[in-house]
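Atoms within each ligand, like the ligands themselves, are counted from 1 in listed order. If you read the sequence from its start, that first residue is 1, and numbering goes on from there.
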Amino acid sequence: MDYNFDKPINRRNSACLKWDNLESSHGTQDAIPMWVADMDFASPPAVTEALKQRCEHGVYGYSVRMDTYVQAIMDWLERRHQWTIKKEWLSHSSGVLPSLSLIIHAFTKPGDKVLVQSPVYHNFYRVIKAQGREVAVNPLKLANGRYVMDLDHLEENLDPSVRMIILCSPHNPVGRVWSREELTRLGEICLKRGVMVVSDEIHSDLAHQGSKHIPFASISPEFAEHSITCIAPSKTFNLMDQHTSSVIISNPKWRNAYNQAMYDLSLAAPNTFGIIATEAAYRHGEEWLTQMLQYVEGNVELVMQFMKQRIPAIKPVQPEGTFLIWLDCRELELSDEDLEQFFTHEAKVALSTGIQFGAEGSGFMRMNVACSRSLLEQALLQIEAAMRTRLGSE
Ligand SMILES: Cc1ncc(COP(=O)(O)O)c(C=O)c1O
């Protein structure tokens with residue numbers, strides 16, 4: 001079956017954060033929203049069908065994670081990432097951020113440091129600080145237009161009060177799909193220094209052609225024993241609002257601690273629609289995913305070419321995964337405030353500001369290209385026109 005990603009879907013007035021909340025997120029209703037990381041595409045039809053069927057049942061009492069649901073997740077990991085896990089390693093969560101908060105809470109103490117590699121998903125900073133922990137930063141290195149982990153810097157400067165690292169794999173916002181070599185060296189440093197690795201793999205299913213996601217814990221039994229992995233069907237199949245994700249922990253002591261913390265905070269219960277949608281997506285959504293990724297990669301290519309030919313002062317960093325593009329706007333020589341003003345109010349394209357991803361994001365913007373090509377083209381033309389107006393008025 002061919003899926004049509006070209007056909008725009010009107011998301012206005014659907015209680016949609018990206019489109020209906022623009023006034024409060026960007027101070028205007030009048031901009032093309034390309035910020036928060038969800039897609040303007042309908043989820044795979046098999047998901048909608050399964051939800052409809054469950055909806056018609058009419059009874060929405062407490063739910064349970066059935067064996068078929070757990071098996072669907074295990075089969076997906078095996079098929080897509082060649083990662084064999086045991087059933088008991090899988091725990092539930094209502095989202096990756098809630099699990100990160102809980103993991104930080106359960107496995108570190110107030111005043112401990114949690115390390116991130118900046119620029120990185122802005123909510124990592126928030127959840128670390130919200131638990132009363134300190135953020136330690138090992139900045140990524142941008143070399144010849146490609147980001148890499150600065151592992152020499154990490155090894156030389158790792159503060160002994162760092163107890164945990166949150167690895168973003170693949171990496172939002174820079175779009176890297178980390179190589180086995182990078183992950184292995186990172187893991188070895190963490191193991192040697194007693195740093196727990198929490199691998200946020202929410203973007204793992206979105207590796208582009210030519211790149212392959214490697215689950216951190218699949219690299220060796222030692223890495224599995226010293227890490228916790230968070231996965232979700234949300235970015236993959238546009239199911240963010242089903243609030244259903246999984247945590248994978250092979251270490252029995254850590255698993256018990258995680259499950260106990262979930263239970264103590266009364267967060268362990270799943271929700272019916274989330275588990276129905278997840279199972280349907282993992283069982284029947286792979287062809288949709290293949291076509292969606294092809295479409296998104298086409299959008300990425302369009303942005304790369306358009307910028308190169310028509311707005312060379314903006315240099316997009318080629319992503320290896322995700323539906324996000326990290327735009328290097330430093331040549332424009334605008335402050336972060338001006339950059340936001342330019343995109344939102346002059347070009348009327350609502351992006352995510354780079355600075356929220358850490359100091360290393362200054363001068364950058366993040367663009368979400370999971371939208372119809374016609375909308376993307378319109379956004380690019382608006383950016384070009386606004387740039388002309390700016391240059392003309394200088
Ligand atoms: C790296 C990363 N982790 C977590 C999240 C949020 O996950 P959830 O909605 O499951 O809490 C996002 C959303 O953009 C993300 O990019």
Side-chain angles (χ1 to χ4, degrees), residues 16-18 21 25 33-40 43 73 90-105 114-128 130-131 135 140 147 149 164-178 197-207 213 215-216 228-248 262 265 267 270-271 273-275 277-278 281-282 296 319-326 350-354 356-358 361 364-371:
C16 163
L17 177 68
K18 196 196 223 171
N21 201 45
S25 66
M34 306 182 89
W35 58 290
V36 66
D38 81 359
M39 308 194 242
D40 288 343
S43 292
I73 301 174
L90 265 176
S91 294
H92 180 71
S93 181
S94 61
V96 170
L97 281 176
S99 28
L100 291 180
S101 300
L102 193 98
I103 291 164
I104 295 166
H105 175 82
V114 179
L115 188 122
V116 297
Q117 303 188 89
S118 170
V120 76
Y121 179 48
H122 57 287
N123 278 314
F124 286 179
Y125 301 97
R126 182 176 64 78
V127 294
I128 295 168
Q131 297 301 322
V135 178
L140 296 176
Y147 280 90
M149 294 187 198
M164 179 183 281
I165 173 172
I166 304 182
L167 169 66
C168 195
S169 179
H171 195 102
N172 171 11
V174 307
R176 269 303 313 278
V177 176
W178 302 117
V197 177
V198 179
S199 191
D200 176 344
E201 303 192 3
I202 196 169
H203 296 280
S204 54
D205 302 319
L206 302 174
H213 169 74
F216 176 82
I228 295 183
T229 305
C230 302
I231 59 158
S234 50
K235 302 291 170 200
T236 318
F237 300 107
N238 212 24
L239 295 173
M240 293 74 181
D241 228 34
Q242 298 304 321
H243 292 292
T244 300
S245 70
S246 297
V247 173
I248 303 168
M262 284 286 279
L265 294 170
L267 292 172
N271 80 76
F273 292 106
I275 55 181
T278 301
Y282 281 149
V296 162
E320 298 167 349
T322 80
F323 46 78
L324 307 165
I325 307 187
W326 189 233
L351 306 182
S352 303
T353 56
Q356 49 182 317
F357 297 89
F364 290 77
M365 298 292 284
R366 192 193 73 177
M367 180 183 239
N368 174 351
V369 295
C371 62

Asks: Pick whichever of Asn368, Asp200, Asp241 has a heavy atom sitting closest to atom 2 (C) of ligand 1.
Replies: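 The residue whose heavy atom sits nearest atom 2 (C) of ligand 1 is Asp200.
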
Asks: When you look for heavy atoms under 4.0 Å from ligand 1, do you find them on the side chain of Leu97, its backbone, both, or neither?
Replies: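 The answer is both.
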
Asks: Give the numbers and elements of all ligand 1 atoms closer than 4.0 Å to a heavy atom of Cys168.
Replies: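 Close to Cys168: 1 (C).
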
Asks: Going by the closest heavy atom to atom 8 (P) of ligand 1, which one wins out of Asp38, Val96, Leu167?
Replies: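 Checking each option, the heavy atom nearest atom 8 (P) of ligand 1 is found in Val96.
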
Asks: For ligand 1, which atoms, with element, lie under 4.0 Å from some heavy atom of Ala37?
Replies: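 So the atoms of ligand 1 that pass are 14 (O).
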
Asks: Kindly give the heavy-atom pair with the smallest separation between Leu206 and Thr236, and that separation in Å.
Replies: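 Scanning both residues, the minimum pair turns out to be CD2-CA, 4.0 Å.
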
Asks: Do protein heavy atoms approach atom 10 (O) of ligand 1 to less than 4.0 Å?
Replies: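 So atom 10 (O) of ligand 1 has protein heavy-atom neighbours under 4.0 Å.
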
Asks: Do any N or O atoms from the side chain of Ser43 and from the backbone of Phe237 form a donor-acceptor pair under 3.5 angstrom?
Replies: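 Yes; at least one donor-acceptor contact below 3.5 Å.
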
Asks: Say whether His171 and ligand 1 are in contact under the criterion: heavy-atom distance to a ligand atom below 4.0 Å.
Replies: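 Contact absent.
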
Asks: Name the closest protein heavy atom to atom 7 (O) of ligand 1, giving the residue it belongs to and the distance to 0.1 Å.
Replies: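 Answer for atom 7 (O) of ligand 1: Ile202 CD1, 3.3 Å.
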
Asks: Just checking, any donor-acceptor pair under 3.5 angstrom between side chains of Thr244 and Gln242?
Replies: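 Per modelled atom types, Thr244 and Gln242 side chains form no pair under 3.5 Å.
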
Asks: Just need the protein heavy atom nearest to atom 6 (C) of ligand 1, so name the residue and atom and give the distance.
Replies: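 Ranking protein heavy atoms by distance from atom 6 (C) of ligand 1, first comes Tyr121 OH, 3.4 Å.
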
Asks: Out of all atoms in ligand 1, which are within 4.0 Å of some heavy atom of Lys235? Include the element for each.
Replies: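 Those of ligand 1 that fall under 4.0 Å from Lys235 are 12 (C), 13 (C), 14 (O).
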
Asks: Could you tell me, atom by atom, which parts of ligand 1 come under 4.0 Å of a heavy atom of His203?
Replies: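 Selected atoms, number and element: 1 (C), 15 (C), 16 (O).
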
Asks: Using distance alone, with no hydrogens and no angle criterion, decide if His243 and Asp241 have a side-chain donor and acceptor under 3.5 Å apart.
Replies: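 A donor-acceptor contact under 3.5 Å links the two side chains.
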
Asks: With a cutoff of 4.0 Å, is Ser94 in contact with ligand 1, counting heavy atoms of the residue only?
Replies: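 It does not; every heavy atom stays at 4.0 Å or beyond.
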
Asks: Look at Asp40 together with Lys18 and state whether they make a salt bridge at an N to O cut-off of under 4.0 Å.
Replies: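 Here Asp40 pairs with Lys18 in a salt bridge, since their nearest N and O are under 4.0 Å apart.
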
Asks: Has Ser234 got a side-chain atom pairing as donor or acceptor with Met240's backbone, closer than 3.5 angstrom?
Replies: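 Answer holds: no.
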
Asks: Are Phe357 and Trp326 close enough that their ring centres sit under 6.0 Å apart?
Replies: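 That pair passes the under 6.0 Å test.
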
Asks: Would you mind telling me which of Asn172, Thr353, Thr322 makes a side-chain hydrogen bond (donor to acceptor under 3.5 Å, both in side chains) with Arg366?
Replies: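 Only match with Arg366 under side-chain hydrogen bond (donor to acceptor under 3.5 Å, both in side chains): Asn172.
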
Asks: Search all heavy atoms of Asp205 against all heavy atoms of Ala232 and return the closest pair with its distance.
Replies: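 Minimum heavy-atom contact is OD2-O, 4.3 Å.
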
Asks: Does the N or O separation between Pro98 and ligand 1 drop below 3.5 Å for any pair?
Replies: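 Pro98 vs ligand 1: no N/O contact under 3.5 Å.
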
